[in-house]
Amino acid sequence: MQNTDLIYLDTAACGLIHLDGLQAQQAFMQNAVTDASGVANAWRDKTYFELRNTARRFLDCTEEELAFIPNFSYGLFSFIQAIKGKHKRVLLFQNDYPSLTLPFELNGFEITSFVPQDFFEVDYGALEKMLIQQKIELVAVSHVQYLNGARVDLELLGNLCQRLGILLVVDATQSLGADALSFRELNVDVLIASNYKWMNGGFGTGVMCCKPHITKEYLPQIGGFGSYQMGKNGWEFNRNIRSYEPGHPAIGSLLLLHHAMEYKISKGMESIRTNNRVMLEKLISVVNKYELPLIGPSGVDNRLGIACCSISEEMYQYLHQNQVRCTFRNGHIRLSVHHTNSLEDLDRFDQILAKAPKSALLH
């Protein structure tokens, strides 16, 4: 049952799913009770290709660039197996998400750490010098930082990496569904994202886009849903982008994703981004009103959806008790707004802060 009193400011942790997607998923599962192979085959023969068409429109990519994966970690680990032994020197951003950085550490890459200024303010001139001096071969970075919402300029970074002949791998988990992204226009070699946050796609799915030259030069070291074809002598393995798709798709979860993408296409990503910017401005104004120290960019130009500030644990417990859903880590609170929120939510949040005990506001 939906909790109408809850103020949900936690999309950066997990996005709310759409009701029509839930209904489609439930209908599929109900039919699977009596005809599991029938509904699965119907999805594979028709709905799967409808999903691919929807995703290609949403991501602005081509058929040969798109794969559906279980999550970001699966996609990155699978891609790393294709490039091991061909590249060694990787640049990672300090304090980036562990799911992005750890696979490179565990697989023996030579890692250079780039330290952004003032909680992820990137000096691209200094970055270029480091890329050249350290002879970097691959850059891996989150488009939006999970800690504070700071956003990397993908156009600038992509152009820089292309000019220097460096591969660029991007984790878009904290931006896909909140920001308008065109894989066709960006000089990003590999883009991977889980769909359970800003995509509002529920758990169990991700998307992976690779430029065609990447898939041809770095052959997938895994066989999946679309990489086997029946030939004269039985099954034949054909390596392509769909080799990254698991052999047994999570159909119920992909139904959620399908409806989430269709909803965002119908609303328009520019409209969603504009709406989120307005709400983020309101959220930051409320945070500043009560002098809660904001972490990261002061404005919204280089920030997406997230406001992080120092706060006492007492204050977090007060918010939790008053039905404000958010994330608390190491003396900081992370608040995030999306199109599922309203300005009324933030007015209620303001009212709750206004009634907070004075001792809780100390930080």
Side-chain angles (χ1 to χ4, degrees), residues 59-62 64-67 69 72-73 75-105 107 109-116 120-146 150-176 179-194 206-220 241 244 302 304:
L59 294 162
D60 192 18
C61 66
T62 66
E64 62 181 345
E65 294 174 334
L66 172 66
I69 56 177
F72 169 82
S73 297
L76 180 61
F77 179 80
S78 299
F79 177 68
I80 282 178
Q81 305 317 303
I83 64 171
K84 282 178 67 173
K86 297 184 178 181
H87 294 292
K88 294 189 302 180
R89 299 184 181 89
V90 175
L91 183 136
L92 304 174
F93 284 57
Q94 188 181 65
N95 296 322
D96 211 333
Y97 199 61
S99 292
L100 174 67
T101 60
L102 190 59
F104 290 102
E105 297 171 8
N107 281 275
F109 287 84
E110 296 178 9
I111 296 172
T112 295
S113 182
F114 178 74
V115 183
F120 226 84
E121 188 71 26
V122 180
D123 181 338
Y124 290 95
L127 175 60
E128 180 174 2
K129 290 180 181 178
M130 180 173 285
L131 293 174
I132 296 172
Q133 290 173 353
Q134 300 298 321
K135 298 180 180 179
I136 298 299
E137 298 167 299
L138 184 148
V139 171
V141 66
S142 295
H143 182 200
V144 171
Q145 284 299 300
Y146 77 104
R151 177 170 50 184
V152 170
D153 188 331
L154 283 188
E155 181 177 359
L156 198 159
L157 179 59
N159 292 342
L160 172 60
C161 287
Q162 185 188 57
R163 177 162 53 82
L164 297 177
I166 296 171
L167 296 183
L168 177 58
V169 177
V170 173
D171 177 1
T173 300
Q174 287 289 6
S175 61
L176 192 66
D179 200 6
L181 295 176
S182 169
F183 189 66
R184 174 179 57 85
E185 294 181 356
L186 290 171
N187 284 320
V188 172
D189 295 292
V190 181
L191 185 143
I192 313 173
S194 292
V207 293
M208 181 174 181
C209 293
C210 296
K211 290 293 196 294
H213 72 92
I214 293 295
T215 311
K216 293 175 183 177
E217 185 175 351
Y218 308 99
L219 295 176
I241 185 64
Y244 288 109
N302 297 316
L304 188 71

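Leu304 has its side chain out of reach of Gln174: every pair of non-hydrogen atoms, C-beta onward, lies at least 4.5 Å apart. Within the 4.5 Å cutoff, the side chain of Val139 has no heavy atoms near those of the Phe114 side chain. Looking at Ser113 and Leu92, their side chains never come closer than 4.5 Å, going by heavy atoms from C-beta outward. Counting heavy atoms from C-beta outward, Thr62 and Arg184 have side chains that stay 4.5 Å or more apart. The shortest distance between side-chain heavy atoms of Phe93 and Val122 falls below 4.5 Å. Between Phe109 and Ile83 the shortest side-chain heavy-atom distance falls below 4.5 Å. For the pair Val188 and Leu181, the minimum side-chain heavy-atom distance is 4.5 Å or more. For the pair Leu100 and Leu76, the minimum side-chain heavy-atom distance is below 4.5 Å.
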task: Verify side-chain contact (heavy atoms from CB on, under 4.5 Å) between Glu65 and Leu59, making sure each step is shown before the conclusion.
output: CA-CA 10 Å; Glu65 294 174 334; Leu59 294 162; over 6 Å; no

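Looking at Tyr124, its side chain does come within 3.5 Å of a backbone N or O of Asp153 through a donor-acceptor pair. Here the side chain of Thr173 pairs a donor or acceptor atom with the backbone of Ser194 at under 3.5 angstrom. In terms of modelled atom types and a separation under 3.5 Å, the side chain of Lys211 and the main chain of Asn187 share no donor-acceptor contact. Judged purely by atom type and a 3.5 angstrom limit, Asn302 has no side-chain atom pairing as donor or acceptor with the backbone of Ala150.
Among residues at least two apart or in separate chains, side chain to side chain donor-acceptor pair (under 3.5 Å) pairs with a member in residues 127-138 are Glu128-Arg163.
Distance OG/Ser142 to OH/Tyr97: 9.5 Å, rounded to 0.5 Å. Rounded to the nearest 0.5 Å, atoms CG (Asp189) and CD (Glu217) are 9.5 Å apart.
The ring pair (Phe, Tyr, Trp, His ring centres under 6.0 Å) search around Phe72 returns none, not counting sequence neighbours.
Counted within 6.0 Å of CD on Glu155, heavy atoms from surrounding residues, nucleotides or ligands total 12 or fewer; the atom is thus considered open.
Side-chain contact annotation: Thr101 with Asp96, donor-acceptor N/O pair under 3.5 Å absent.
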